[in-house]
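Per chain, numbering begins at 1; letters A, B, ... match sequence-line order.
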Protein chains: 2
Amino acid sequence: MAGSTDGEKRNHTSGVPAGIPEMGEIVGYKLRRAQLFVFQDFIESFAKMKLRPAEFSVLAIIARTPGQKQTEIAEQLGIKRANFVALMDGLERRGLAERRKAATDKRSHSLHLTPEGARFVDKMTSVWRNHEERLIERLGGPEARAALLDLLGRLLDDPER
Amino acid sequence: MAGSTDGEKRNHTSGVPAGIPEMGEIVGYKLRRAQLFVFQDFIESFAKMKLRPAEFSVLAIIARTPGQKQTEIAEQLGIKRANFVALMDGLERRGLAERRKAATDKRSHSLHLTPEGARFVDKMTSVWRNHEERLIERLGGPEARAALLDLLGRLLDDPER
DNA sequence: CATAATTGTTTCATCATATAACAATATATC
DNA sequence: GATATATTGTTATATGATGAAACAATTATG
């Protein structure tokens with residue numbers, strides 16, 4: 001029992017007014033919807049672990065390259081260093097990561113996983129693989145995923161410079 | 001003068017610890033970054049018109065299919081109807097769109113563009129085309145854009161059902 | 001040495017989004 | 001047809017993500 005109420009001001013011949021885009025052909029819109037969908041799955045996947053996307057990314061980076069300072073990691077992830085503080089506080093409070101005072105620069109902190117954090121990252125990685133596998137299935141295979149990553153990379157990587 | 005402070009707990013042979021994903025191979029992450037980049041360009045494009053993505057989408061939908069009610073449009077866009085109210089208030093206050101009381105259902109509102117709104121949408125569409133063209137350039141041509149839209153669609157369109 | 005820049009931090013404002021409740025109206029059920 | 005249930009638009013409110021500004025401690029630069 002839904003349906004529009006009236007119907008009005010159309011173009012001359014058909015029913016499509018001028019060159020107004022359909023939502024499905026707007027790259028930004030479709031990107032956004034897809035991102036929301038993927039994050040939805042991600043968030044549900046990590047609900048039990050109480051891990052949010054930003055926390056996942058920080059742990060992954062620390063695990064792969066320990067010893068970096070906050071600003072470095074924040075910048076890599078496009079997070080303002082001011083907002084990184086609370087994020088890191090949370091990871092430290094949970095005993096997953098820690099700040100060590102860097103010897104060379106007394107201002108900065110060197111970020112590391114705790115032993116528990118390392119075990120956590122192992123589980124996290126496994127959960128992530130399932131999530132990623134689910135996406136691959138939807139996309140229609142690993143090649144499709146690779147193609148998507150490539151296209152997204154073209155948007156991100158700066159052409160000049 | 002940057003650089004990590006120390007370096008620790010690696011895996012056996014190389015330097016990569018276990019199977020921890022690199023950020024660049026995480027679909028969700030790259031999707032997010034790409035979406036932010038595209039929105040950045042979009043927002044800058046429409047800064048002078050003081051138009052935000054959500055407003056753009058609402059105007060585009062009303063322009064293409066006038067007469068729909070709020071809940072219908074909100075649902076199409078994945079916006080909670082509660083949050084749609086203020087959005088529509090803004091468009092109405094600016095004289096771009098209007099609520100007409102639907103004759104058939106006294107609860108609902110039939111949404112339409114004003115004449116000024118129609119002119120606004122024309123300009124908006126033109127600005128959007130430039131934005132989209134910029135993306136196409138980055139992607140490497142219209143075929144790449146089509147491919148991207150297709151892949152994103154695979155994530156969005158529900159397989160079963 | 002004096003000045004400027006960096007690092008981590010706190011505080012604050014803004015925006016997007018979700019939930020719950022409500023009145024008015026419409027629909028369904030008996 | 002009366003009563004219960006659902007829908008529509010709305011308000012109020014909570015939460016999370018994000019950005020800007022300022023600050024002390026420290027380091028780099030002229």
Side-chain angles (χ1 to χ4, degrees), chain A residues 1-5 28-29 32-33 35-37 39-40 42-44 46-47 50-58 67-93 97-111, chain B residues 1-5 28-29 32-33 35-37 39-40 42-44 46-47 50-58 67-93 97-111:
Chain A
M1 221 92 335
S4 310
T5 318
Y29 178 74
R32 170 117 236 266
R33 296 303 294 256
Q35 184 256 311
L36 285 174
F37 171 82
F39 265 48
Q40 188 61 33
F42 186 98
I43 290 169
E44 286 167 10
F46 286 99
K50 292 208 177 307
L51 194 69
R52 295 184 259 178
E55 297 169 327
F56 174 97
S57 63
V58 170
Q68 288 183 104
K69 50 187 174 182
Q70 297 191 182
T71 300
E72 287 174 336
I73 296 183
E75 194 179 350
Q76 283 175 66
L77 295 173
I79 300 174
K80 289 281 171 323
R81 71 185 195 283
N83 297 327
F84 190 88
V85 176
L87 224 174
M88 188 62 200
D89 284 348
L91 297 178
E92 205 164 24
R93 200 176 319 115
E98 62 183 5
R99 300 182 234 232
R100 299 182 192 163
K101 39 186 152 186
T104 56
D105 186 339
K106 284 192 250 178
R107 293 169 303 182
S108 65
H109 292 154
S110 167
L111 302 190
Chain B
M1 222 107 323
S4 310
T5 318
Y29 177 74
R32 172 117 234 267
R33 295 305 293 258
Q35 183 257 309
L36 285 175
F37 171 83
F39 265 48
Q40 188 62 33
F42 186 98
I43 289 169
E44 286 166 11
F46 286 99
K50 293 208 176 308
L51 194 71
R52 295 186 255 177
E55 297 169 327
F56 175 98
S57 64
V58 170
Q68 288 183 103
K69 51 187 172 182
Q70 298 190 180
T71 300
E72 288 174 335
I73 295 183
E75 194 179 350
Q76 283 175 67
L77 295 173
I79 299 174
K80 289 280 171 323
R81 72 185 194 281
N83 297 328
F84 190 88
V85 176
L87 225 172
M88 189 60 200
D89 284 348
L91 296 178
E92 206 164 24
R93 200 175 321 116
E98 62 183 6
R99 301 181 232 231
R100 299 183 191 163
K101 38 187 154 185
T104 55
D105 187 337
K106 283 192 252 178
R107 295 169 302 179
S108 65
H109 293 154
S110 166
L111 302 190

What is the distance, to the nearest angstrom, from the [atom1] atom on [X] to the [atom2] atom on [N]?
X: B:Asp89; N: D:dG9; atom1: CG; atom2: P; value: 12 Å
X: A:Arg100; N: C:dG8; atom1: CZ; atom2: P; value: 15 Å
X: B:Lys101; N: C:dT25; atom1: NZ; atom2: C1'; value: 14 Å
X: A:Leu87; N: C:dT9; atom1: CG; atom2: C1'; value: 14 Å
X: A:Phe84; N: D:dG19; atom1: CZ; atom2: C1'; value: 17 Å
X: A:Leu77; N: D:dG19; atom1: CG; atom2: P; value: 13 Å
X: A:Ile43; N: C:dA18; atom1: CD1; atom2: P; value: 10 Å

Under 4.0 angstrom between [X] side-chain N/O and [N] OP1 or OP2:
X: A:Arg52; N: D:dA17; value: yes
X: B:Lys69; N: D:dG9; value: no
X: B:Thr71; N: D:dG9; value: yes
X: A:Arg81; N: D:dA20; value: no
X: B:Arg99; N: D:dT8; value: no
X: A:Arg32; N: C:dT17; value: yes
X: A:Lys80; N: D:dG19; value: yes
X: B:Gln70; N: D:dT10; value: yes

Separation of [Y] [atom2] from [X] [atom1] (nearest 0.5 Å):
X: B:Gln76; Y: B:Gln68; atom1: CD; atom2: CD; result: 4.5 Å
X: A:Arg32; Y: B:Leu77; atom1: CZ; atom2: CG; result: 11.5 Å
X: B:Lys50; Y: B:Glu55; atom1: NZ; atom2: CD; result: 11.0 Å

Item to check | Side-chain donor/acceptor contact of B:Asn83 with base of C:dA18 under 3.5 Å | outcome: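 Looking at the base of C:dA18, it does pair with a donor or acceptor on the side chain of B:Asn83 (distance under 3.5 Å).
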
Next on the checklist: Any N or O donor-acceptor pair under 3.5 Å from the base of D:dT26 to the side chain of A:Arg107?
Outcome noted: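 Yes.
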
Checklist entry - Between A:Lys106 and A:Pro53, who's closer to the 5' end of DNA chain D by nearest nucleotide? => result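 That would be A:Pro53.
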
Item to check | Upstream residue (5' side of DNA chain D) when A:Ala54 and B:Met88 are each assigned their closest nucleotide | outcome: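 Mapping each residue to its closest nucleotide by heavy atoms, the 5'-most match is B:Met88.
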
Checklist entry - Have A:Gln40 and A:Glu44 got a donor and an acceptor in their side chains that come within less than 3.5 Å? => result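 There is such a pair between these side chains.
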
Next on the checklist: Would B:Leu111 and B:Arg99 count as a side chain to side chain contact (heavy atoms under 4.5 Å, CB included) here? Give the steps.
Outcome noted: CA-CA 5 Å; B:Leu111 302 190; B:Arg99 301 181 232 231; 3.7 Å; yes

Item to check | Nearest-nucleotide pick for B:Val85, side chain only, options being C:dT9, D:dT8, D:dT10 | outcome: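 Among the listed nucleotides, the one closest to the side chain of B:Val85 is D:dT10.
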
